[in-house]
Amino acid sequence: QVQLVESGGGLVQAGGSLRLSCAASGRTFSKHYMGWFRQAPGKEREFVAAISWNGASTAYDESVKGRFTISRDNAKSMVYLQMNSLKPEDTAVYYCAGDATLGWSSFISTMAHRPGYWGQGTQVTVSS
């Protein structure tokens, strides 16, 4: 099993930056696709970014492409999300999640609505 704990959320003004961190425990972390997802009030949880097990492949939702960067450090069992040029519409609870059973495309398109390894979330609030 993999346990995930997010940190780094907070309140920031529009145009600002935050870096989210996800600490993972579990022997098989390095074999998992990992991703960041978010859920705004009254909305469904949605995909933000994903990274392959070795970091060679990344994917982003169009709404964050060019502003957010996902990375991982398998030696430290960490996943990061660097968020720049934040907008009020980025306000949400951000979740870290992982899976070792889905294919890459399925992870991106369906993980937001699947069980698996999820953290408790960290709140990001962007003021205008």
Side-chain angles (χ1 to χ4, degrees):
Q1 284 210 351
V2 176
Q3 293 182 323
L4 304 171
V5 179
E6 302 96 336
S7 61
L11 174 63
V12 64
Q13 288 188 330
S17 298
L18 282 174
R19 188 193 194 205
L20 304 184
S21 298
C22 174
S25 62
R27 295 181 297 171
T28 60
F29 167 77
S30 62
K31 299 180 181 179
H32 285 63
Y33 291 142
M34 296 299 299
W36 287 95
F37 302 79
R38 66 187 180 186
Q39 186 168 20
K43 295 187 177 181
E44 291 188 346
R45 188 160 57 192
E46 63 180 11
F47 166 77
V48 175
I51 189 165
S52 62
W53 66 273
N54 61 357
S57 297
T58 57
Y60 299 91
D61 183 76
E62 285 296 325
S63 65
V64 306
K65 196 172 290 185
R67 300 188 297 124
F68 291 11
T69 302
I70 189 171
S71 61
R72 69 190 294 165
D73 185 337
N74 285 343
K76 296 181 179 180
S77 296
M78 296 291 294
V79 182
Y80 306 99
L81 185 68
Q82 178 66 44
M83 305 186 296
N84 299 328
S85 302
L86 282 161
K87 305 175 181 179
E89 50 264 43
D90 294 319
T91 295
V93 177
Y94 282 70
Y95 297 91
C96 175
D99 189 271
T101 64
L102 297 173
W104 179 240
S105 295
S106 293
F107 182 82
I108 293 168
S109 61
T110 70
M111 186 62 198
H113 307 293
R114 285 181 174 267
Y117 303 115
W118 289 90
Q120 294 301 307
T122 185
Q123 176 70 46
V124 171
T125 303
V126 184
S127 63
S128 58

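These figures come from a predicted structure and were not determined experimentally.
The shortest non-hydrogen separation linking Phe47 to Ala112 is N-CB, 4.2 Å. The nearest pair of heavy atoms linking Ile108 to Ala50 is CG1-CB, 4.2 Å. Nearest heavy atom pair, residue Lys31 against residue Ala100, reads O-CB, 4.0 Å. Thr91 and Val126 get closest at one heavy-atom pair: OG1-N, 2.9 Å. Between Gly119 and Tyr95 the shortest heavy-atom distance is O-CD2, 3.6 Å. For the pair Ala92 and Gln39, the tightest heavy-atom approach, listed with the atom from each and the gap, is CB-O, 3.4 Å.
Applying the disulfide bond (SG atoms under 2.5 Å apart) test to pairs two or more places apart or on separate chains, none has a residue in residues 37-95.
The aromatic rings of Phe68 and Tyr94 sit tilted, their planes meeting at an angle between 30° and 60°. Using cut-offs of 30° and 60° for the angle between ring planes, the Phe37 and Phe107 rings count as perpendicular.
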Checking Lys76 against Ser21 for the side chain to side chain contact (heavy atoms under 4.5 Å, CB included) test, could you report, in this order, the C-alpha distance in whole Å, the side-chain angles of both residues, the deciding distance, and whether it holds? CA-CA 11 Å; Lys76 296 181 179 180; Ser21 298; over 6 Å; no

Would you sort out whether Val124 and Arg38 count as a side chain to side chain contact (heavy atoms under 4.5 Å, CB included), showing the intermediate values? CA-CA 9 Å; Val124 171; Arg38 66 187 180 186; over 6 Å; no

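No path of Ile, Leu, Val, Met, Phe, Trp and Tyr side chains, each step under 4.5 Å between heavy atoms, connects Trp53 with Leu81, placing them in separate hydrophobic clusters. Val2 and Tyr33 end up in different hydrophobic clusters when Ile, Leu, Val, Met, Phe, Trp and Tyr side chains are linked at under 4.5 Å. In this structure, Val93 is not a member of the same hydrophobic cluster as Val12, with clusters built from ILVMFWY side-chain heavy atoms closer than 4.5 Å. Trp118 is not connected to Ile51 by any chain of hydrophobic side-chain contacts under 4.5 Å among Ile, Leu, Val, Met, Phe, Trp and Tyr, and they are in different clusters. Cluster membership for Tyr80 and Leu20, using ILVMFWY side-chain heavy atoms within less than 4.5 angstrom, is not shared.
Remark: Ser105 engages no residue in a side chain to side chain donor-acceptor pair (under 3.5 Å) (not counting sequence neighbours). Residues passing the side-chain contact (heavy atoms from CB on, under 4.5 Å) test with Ser106 are Leu102, Thr110, sequence neighbours excluded.
A cation-pi geometry, defined here as NZ or CZ lying under 6.0 Å from the six-membered ring centre and within 45° of its normal, holds between Arg72 and Phe29.
The CE atom of Met111 lies 13.5 Å from the CH2 atom of Trp36; values are rounded to the nearest 0.5 Å. Put simply, OG on Ser71 and CZ on Arg19 are 6.0 Å apart, with the number rounded to the nearest 0.5 Å. Note that CD of Gln13 and OG of Ser128 are 9.5 Å apart. Values are rounded to the nearest 0.5 Å. The structure places SG of Cys96 at 9.0 Å from CE of Met78, a figure rounded to the nearest 0.5 Å. Taken to the nearest 0.5 Å, the OG1 atom of Thr69 stands 6.5 Å off from the CG atom of Asn84. Of the inter-residue distances, the one linking Ile70 atom CD1 with Met83 atom CE reads 12.0 Å to the nearest 0.5 angstrom.
At most 12 non-hydrogen atoms from other residues, nucleotides or ligands lie less than 6.0 angstrom from CD of Gln3.
Within the 3.5 Å criterion, the main-chain N or O of Gln120 finds a donor-acceptor partner in the side chain of Glu6.
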